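Notes for the one structure printed next.
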Amino acid sequence: MAGLSDQDVDIVIEKFQTKVSISEKPELGNHYEPNTSEPIAQPLRTLDEVLLWKPDEDGFNVATIPLAKRTEAKVGKPYTLLCHDMMGGYQEDRFVQGVPKLECYRYYHWQYLDMFIYFSHYFVTIPPPSWTNAAHKNGTLMLGTVITEWNDGAERCKQVFASESAYKTFADKLVAIAKYYKFDGWLVNIENPIAATHMPQMVGWVEYLTKEMHTHLPGSKVIWYDSVIIDGSLKWQDMLNDNNRVFFDISDGMFLNYTWNEAKLKDSVKNAGERKLDVFVGVDVFGRNCFGGGGWNTNKAMSVIRSNNLSAAIFAPGWVMEKLGREQFITNQNKYWGILDEFLPTHGVSSLPFVTYFCRGYGEQGFRNGTVALVKSWCNLSAQQIQPTFLQVPQDTPDGKTGHQSMDHCVKDGFNGGGSLLLRGTLGQGQVHPYRIFETGIVPSHQLLVSYTVKCCNAVDACVYLDLGGDQGRVILWTSGESAEDKQPMSAYGLRESEQLDPSKLPVSKTTAKYTAYAPLKEGSHKNMQDIVFGCDSSSIHCIGWQTRHYLLPTSAFGEGAKIEEMGVLCFPTESDPPKMDYMVRIGELKIINPDSLKNSSTQVSNLTMVDDSWHNILPHITNVTDQASFCCTLKWDYPYEAMHYDVYVSGVNRDPNHNRDLATSEVVFIGRAYANLFRVCHLLAPTVNGKEGQLEFKVQPSTQEGFVAPLAAATRIRVAYS
């Protein structure tokens, strides 16, 4: 193996030699699906597994997205916790690189949640990385679960609480596990009696675990479930009282059991004192002995909980799919969370980079730069982007006229990922339709590079607005400018600053009393940005109706102490005297980033290597294919920055795995997307060579967290010669 410099393009090439020796299946251990060798997430089932666990042996399951900063609700607002118990856990979501199907459980109402607990009935539940990545992008904490129950649980507790040394060893492992997999805490659920002689150790364990989690993972949470009481009995209290408050006092909060009544909640408020927001009142969506009966009546329980200003723990909202089926899941999911909307304080993302393609982590197909790159259904929550804060409802337009309008997610078309945001309505003469999309709290302390991508039709256009809150007004990112590009100041980034416009001349002037407006970058500056975004000469990219506008906003665009509190879209007719019309506008991308990040846009991966390679017969479900062998391997690499994702390509094959078409072996074809710095190639069909030498060449193309794509022509690659 050697690193070489290609004479035509400055690239790094690693070379490997492999012998085609057919084996029945890959032998990789329990972190992989046995037949396909796909990496999978799984729990730790026994105490021995926990105590023998070591870091750096399960890289596929490490989350890669840091927790985004978020706007915070006003002081005194209660919290919302979701406890995800879906058919025992580790369903389709256990497949780290996603699954080729759409009918999986998905969640995208992150604006309502402060914490998400991934729950199962295994001893130590480690959240699959896709859930942690999706939660972190949207500013939500992700917790795992420690549960003991029945006789097996009692036996484990005897061992863990036998001594101070034993419980500290166990707690230290839990801290190390959370730190390695990059999630944010634990739900502790002890549902078996504890011997009275072991109670001091159990109390010490909860206190020590909470302290160590806070030390090693600042901001993390340890939540105690209302189960065992101070004498070791398993007696659910359905309230906070003297029987269980010792655990409340030494943890970050208590998750109350579900069979409470209003009197118990009022007593819990009194007993919690200043910490009443740390009391999470359980609501079982399946309605098992739960106030209101759960399901579509969950709002009845939520109404009582919020009337006491207590926090809520919503358990098993997978009911929407388990009980009502998969066919109408999205409709039912939206209906369920819409019913609860009035009881759920919202938050938005307030950190940079703020980048979203509105992808929910699934699709009927996959899009790249406005064209179809994947022609099959898929689901991978690691692909989920920042989700809208607001649920759109019909609203009055600023001139007092009401026009139908709606906002939905659409999987039929997209710019990148699995879909786009679809805005629809009916515009009359003189109307402008505003759509509130994101709550945020971005503080513009430097120049901002802003862009959005739209697809419009029916003589309607759209622009993005940034609301600054208070009396600071609104910044309009208009669709065009008036002066030549060279009239604008040149920035340190090789881009001209956006032209400031006279707002009184814009047809959306009625939307707000005070605002400034800016034009998109033009000519050379626009072309430079497009080249960076696509990682190539953008004139060769055809986006099929999608239009991207870039803006470099000076610091003067924002007043002193200003904060971007809301982002939205204005839809308006392009004609001066239009007839009443129906319209559709798709939003495919919205970005706000620090322009300093431009300097990292072309950085390639390094130290690309291949391990765990093997050859196999074609999998049984693949038919009508001859003269092929099945190749598996793991690609690993380094990258110095946080990445949005990595696209993996191959040449040397004559079948496209994503489009089911024949290829010339010289063609470079996309085979998958990684969200960590490793990728498992699973049963790639490679032409048999009958005694000759064949060659596969893999390329890895990084995208920065700002969405800038490194040039594919210069991507680091591995050449695999086989015979």
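Note that the structure is predicted; figures quoted are calculated from it, not measured. Keep in mind that the numbers below use all heavy atoms, side chains included, and drop hydrogens, waters and symmetry copies.
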Within the side chain of [X], is there an N or O that forms a donor-acceptor pair under 3.5 Å with the backbone of [Y]?
X    : Y    : result
W260 : G282 : yes
R360 : F358 : no
N308 : I305 : no
Q385 : G417 : no
Q333 : T331 : no

Open item on the list: Listing request: all side-chain hydrogen bond (donor to acceptor under 3.5 Å, both in side chains) pairs with a residue in residues 94-105, at least two apart in sequence or in separate chains.
Closed with: E92-K101

Open item on the list: Taking side-chain hydrogen bond (donor to acceptor under 3.5 Å, both in side chains) as the cut-off, I'd like each qualifying pair that reaches into residues 316-325, sequence neighbours left out, listed once.
Closed with: none

- [ ] Could you pull out all residues at least two apart from W337 that satisfy side-chain hydrogen bond (donor to acceptor under 3.5 Å, both in side chains)?
- [x] none

Open item on the list: Restricting to side-chain hydrogen bond (donor to acceptor under 3.5 Å, both in side chains), what partner residues turn up for W224, sequence neighbours left out?
Closed with: none

Which pairs of donor and acceptor atoms, one on a side chain in residues 122-131, lie under 3.5 Å apart (sequence neighbours left out)?
unit_1: T125; atom_1: OG1; unit_2: S120; atom_2: OG; d: 2.6
unit_1: W131; atom_1: NE1; unit_2: D93; atom_2: OD2; d: 2.8

Flag for [Y]-[X]: side-chain donor and acceptor within less than 3.5 Å:
X    : Y    : value
T634 : R680 : yes
T215 : E212 : no
E439 : H347 : no
D341 : Y112 : yes
W236 : E191 : yes

Task: Residue from Y118, F119, F315 passing ring-ring contact (aromatic ring centres under 6.0 Å, His included) with H84 - done: Y118

What residue pairs, at least two apart or across chains, pass salt bridge (Lys or Arg N to Asp or Glu O under 4.0 Å) with a residue in [range]?
range            : result
residues 165-181 : E164-K168
residues 215-226 : none
residues 227-256 : D238-K264, R245-D249
residues 111-127 : R70-D114

Open item on the list: Ring-plane angle category for Y181 and F183, please: parallel below 30°, perpendicular beyond 60°, tilted otherwise.
Closed with: parallel

Open item on the list: Ring-plane angle category for F116 and Y107, please: parallel below 30°, perpendicular beyond 60°, tilted otherwise.
Closed with: tilted

Which atom of [X] lies closest to which atom of [Y], heavy atoms considered:
X    : Y    : value
A41  : Y90  : O-CD2, 3.6 Å
S350 : T440 : CA-OG1, 3.6 Å
N192 : C157 : ND2-SG, 3.6 Å
A135 : M142 : CB-CE, 3.8 Å
L209 : V188 : CD2-CG2, 4.2 Å
C83  : P317 : O-CD, 3.7 Å

Between [atom1] on residue [X] and [atom2] on residue [Y], distance to nearest 0.5 Å:
X    : Y    : atom1 : atom2 : answer
I65  : H645 : CD1   : NE2   : 10.5 Å
R156 : N151 : CZ    : CG    : 11.5 Å
Q42  : N30  : CD    : CG    : 4.5 Å
S227 : N257 : OG    : CG    : 8.5 Å
L82  : T80  : CG    : OG1   : 9.5 Å
D267 : Q237 : CG    : CD    : 12.0 Å

Task: Sub-6.0 Å ring centroid separation between W378 and Y362 - done: no

- [ ] Answer yes if the ring centres of Y167 and F161 are under 6.0 angstrom apart, and no otherwise.
- [x] no

Open item on the list: Is there a side-chain hydrogen bond (donor to acceptor under 3.5 Å, both in side chains) between Y32 and D612? Walk through the geometry before answering.
Closed with: CA-CA 12 Å; Y32 299 84; D612 296 332; 4.6 Å; no

Would you say that [X] contacts [Y] through its side chain, given a criterion of any heavy-atom pair below 4.5 Å between the two side chains?
X    : Y    : result
V283 : Y258 : no
E262 : L265 : no
K636 : V611 : yes
E38  : V96  : no
Q111 : N138 : no

TODO: Begin with the C-alpha distance, continue with both residues' side-chain angles, and end with the deciding distance and a verdict on side-chain hydrogen bond (donor to acceptor under 3.5 Å, both in side chains) for T210 and E207.
DONE: CA-CA 5 Å; T210 304; E207 185 173 23; over 6 Å; no

Task: Any residue meeting side chain to side chain contact (heavy atoms under 4.5 Å, CB included) with V349, in chain and number order, not counting sequence neighbours - done: A68, S351, F354, I386

- [ ] Apply side chain to side chain contact (heavy atoms under 4.5 Å, CB included) to K276 and list each qualifying residue two or more places apart in sequence or on a separate chain.
- [x] V269, A272, N309, L310

- [ ] Return yes when atom CZ of F286 has more than 12 non-hydrogen atoms of other residues, nucleotides or ligands closer than 6.0 Å, and no otherwise.
- [x] yes

TODO: Please indicate whether K266 has more than 12 foreign heavy atoms, meaning atoms of other residues, nucleotides or ligands, lying under 6.0 Å from its NZ.
DONE: no

Task: NZ or CZ of R306 within 45° of F343 ring axis and under 6.0 Å - done: no

Task: Geometric cation-pi criterion R673 and Y646, 6.0 Å radius, 45° cone - done: no

- [ ] List the steps and the verdict of side-chain hydrogen bond (donor to acceptor under 3.5 Å, both in side chains) for S220 and D184.
- [x] CA-CA 5 Å; S220 61; D184 310 298; over 6 Å; no

Without placing hydrogens or testing angles, list every side-chain donor-acceptor pair under 3.5 Å for residues 293-302, not counting sequence neighbours.
unit_1: T298; atom_1: OG1; unit_2: G295; atom_2: N; d: 3.4
unit_1: T298; atom_1: OG1; unit_2: G295; atom_2: O; d: 2.6
unit_1: T298; atom_1: OG1; unit_2: Y336; atom_2: OH; d: 3.2

- [ ] Give the intermediate values and the outcome of side-chain hydrogen bond (donor to acceptor under 3.5 Å, both in side chains) for residues S163 and Q201.
- [x] CA-CA 7 Å; S163 67; Q201 290 91 299; over 6 Å; no

